[in-house]
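One structure below.
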2 protein chains.
Amino acid sequence: MSWSKKGGGESRGYHHGNLKEALIRAALDLIAKKGAAGFTFAEAARWAGVSPAAPYRHYRDRDELLSDVARRGFDLFQAALVRAWDDGRPDPATAFDRMGKAYLEFARNEPAYYSAMFEAGVPLDGHPDLRQSSDAAFGVLRGATEKLIATMPAQNRPPVMMMALHIWALSHGIASLFGRGDSARRPLPMSAEELLEAGTLLYLRGLGVPDSSKTTRS
Amino acid sequence: MSWSKKGGGESRGYHHGNLKEALIRAALDLIAKKGAAGFTFAEAARWAGVSPAAPYRHYRDRDELLSDVARRGFDLFQAALVRAWDDGRPDPATAFDRMGKAYLEFARNEPAYYSAMFEAGVPLDGHPDLRQSSDAAFGVLRGATEKLIATMPAQNRPPVMMMALHIWALSHGIASLFGRGDSARRPLPMSAEELLEAGTLLYLRGLGVPDSSKTTRS
DNA sequence: AGCTCATGTGAAGAGCATTTACATGACCGG
DNA sequence: CCGGTCATGTAAATGCTCTTCACATGAGCT
């Protein structure tokens, strides 16, 4: 077993063997603990047990690490949305609602990723990979919106993009303002999930979608 | 005229005379230019023409300056919303829409304030003044929502707080994701203002509010 | 004029970002 | 098994920022 690289334990040799992943994990911990601004390259290196210069073999600078965290976040986010949407099963309305919950769940359970993705000020320009992952994640939302609209009466269907942007903005607004238990909290009369569900329901009703809630169940 | 303090020009003496204000202005410039994270205490001091230690006579540390910027931002924000709401004239629906535009206008014209208020991660706890200013600004939105709801048929009025939170989340989501020309831009099929107006209209329609748009005019 | 205290300075310690020259050893061909 | 090469890691150095402390200045009061 010549497992000098990966493996269950920590390799202690001169070479770390898995530094990039270790740096990502360290960054996530630090961002979760002290915010995207408080995370430092040097501390991530320390956490990974390497010298402060080592990270530069994997990332041009601190921003590039942050950008990579954001990109991976978008990929995970996309996967979570895809999973929740589940191709619109059992019906688009139900799946859409489930996707909204998944949105908030991601923001709550992965605050570090979410922060890097939307609040760290990482510019999408100049990071084609990041832009692509971001677009792909939004694409899931857009596709779901399209399918949902297709179930509506044909005479007055809204523009897909507009509706997708509305849903995204509402979801992000709720996640950003009320979605995390960390700090800027404000006492709410209802949970973020309930808030998003009610908001989406009212919005859909405004579009002329008949209330599809089964009277029973939340 | 013993004007050794304020005045039109720059006082050059040992004492600055107006450092606190100068630091705020420097902070706003720097935040607008390089983001809330990129702003440094030392650079603000340099910009104000004082030594790096001088700011500590006015703020305990960098975070307290940021917090003060956020507080002033909320106060200006509140004033802008109050002005736009104009006590619901000529009618709550019109005034409400105007307030939405003012929300986005503030986010666009004062990105530094907006950033400090919502994206810099300044904790509301431990800053009672900040919390109070924040609450006051939200109070304007809440009050306007209440007045708007009062014009609705009495049988199915929504909870004021829920609706206010929905409107806030939608506004913040749009402002945060699409409202600034700075970076994370994404090509939109419509302006942020149109997006917010349409979203609010649909939401209100979902609440059962008859479409009050005058068919003409945007 | 003289006092006093808020306000500003200079210097210093500690931490971080980043670069550069150098060290190590993983992997590959022989 | 041997030696070379190159990705990966280190040490040291520079320059910046944050923050504190002892000290300087002068604005405003008496």
Side-chain angles (χ1 to χ4, degrees), chain A residues 1-7 9-27 29-31 33-69 116 120-122, chain B residues 1-7 9-27 29-31 33-69 116 120-122:
Chain A
M1 316 230 176
S2 67
W3 65 333
S4 40
K5 272 198 171 173
K6 306 198 171 210
E10 322 296 303
S11 62
R12 314 285 180 48
Y14 190 93
H15 291 80
H16 184 288
N18 220 7
L19 224 195
K20 197 160 188 169
E21 299 303 319
L23 287 174
I24 293 279
R25 263 173 291 160
D29 282 2
L30 291 173
I31 293 172
K33 194 182 316 178
K34 316 198 298 181
F39 136 78
T40 79
F41 222 34
E43 197 166 356
R46 208 177 307 133
W47 192 92
V50 296
S51 78
Y56 290 87
R57 295 296 178 192
H58 300 274
Y59 295 104
R60 189 157 19 78
D61 55 21
R62 182 183 172 284
D63 284 349
E64 200 173 85
L65 170 52
L66 216 55
S67 167
D68 195 27
V69 170
V122 180
Chain B
M1 314 222 175
S2 65
W3 65 331
S4 41
K5 273 197 171 173
K6 306 199 169 210
E10 322 296 305
S11 63
R12 314 285 181 49
Y14 190 93
H15 291 80
H16 184 288
N18 219 7
L19 224 191
K20 197 160 189 169
E21 299 303 319
L23 287 174
I24 293 279
R25 262 172 292 159
D29 283 1
L30 291 173
I31 292 172
K33 194 182 314 176
K34 315 198 299 179
F39 136 79
T40 78
F41 221 34
E43 197 166 356
R46 209 177 306 131
W47 193 93
V50 296
S51 78
Y56 290 86
R57 295 297 177 192
H58 299 275
Y59 294 104
R60 188 158 20 80
D61 56 20
R62 182 182 171 285
D63 285 348
E64 199 173 88
L65 170 53
L66 216 55
S67 167
D68 195 26
V69 169
V122 180

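Keep in mind that the numbers below use all heavy atoms, side chains included, and drop hydrogens, waters and symmetry copies. The sequence lines fix the lettering, A, B, ..., with proteins before strands; numbering per chain opens at 1. Computed from a predicted structure; not experimentally measured.
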- [ ] Taking only the side-chain nitrogens and oxygens of A:R60, find out if one of them lies under 4.0 Å from OP1 or OP2 of C:dT18.
- [x] no
Open item on the list: Quick check: B:F41 with B:Y56 (ring centres under 6.0 Å apart)?
Closed with: yes
TODO: Identify whether NZ of Lys or CZ of Arg in B:K20 sits under 6.0 Å from the centre of the six-membered ring of B:Y59 and within 45° of that ring's axis.
DONE: yes
Task: Closest nucleotide among C:dA11, D:dG9, D:dC18 to the B:A53 side chain - done: C:dA11
Task: Side chain proximity check, A:V69 to A:V122, heavy atoms < 4.5 angstrom - done: no
Open item on the list: Within the 4.0 Å heavy-atom criterion, would you say B:Y56 contacts the bases, only the backbone, or no part of the nucleic acid?
Closed with: base
TODO: Round to the nearest Å and state the distance from B:F41 atom CZ to D:dT20 atom C1'.
DONE: 13 Å
TODO: List the atom of B:A36, the atom of B:A120, and the distance in Å for their closest heavy-atom pair.
DONE: CB-CB, 3.9 Å
Open item on the list: Nearest whole Å is fine: how far is C:dC16 C1' from A:D63 CG?
Closed with: 14 Å
TODO: Provide, to the nearest angstrom, the distance between the CG atom belonging to B:N18 and the P atom belonging to D:dA27.
DONE: 15 Å
- [ ] For C:dG8, take OP1 and OP2 only and decide whether either is under 4.0 Å from a side-chain N or O of B:H58.
- [x] yes
Open item on the list: What's B:S51 touching, base or sugar-phosphate or nothing? Going by heavy atoms closer than 4.0 Å.
Closed with: base
Open item on the list: Using a 4.0 Å heavy-atom cut-off, does A:A54 contact any base of the nucleic acid, only the sugar-phosphate backbone, or nothing at all?
Closed with: base
Task: Below 4.0 Å: OP1/OP2 of D:dT10 and any side-chain N or O of A:R57 - done: no
Task: Nucleotide nearest A:D61 (side chain, heavy atoms from C-beta), chosen from D:dG9, C:dT18, D:dT17 - done: C:dT18
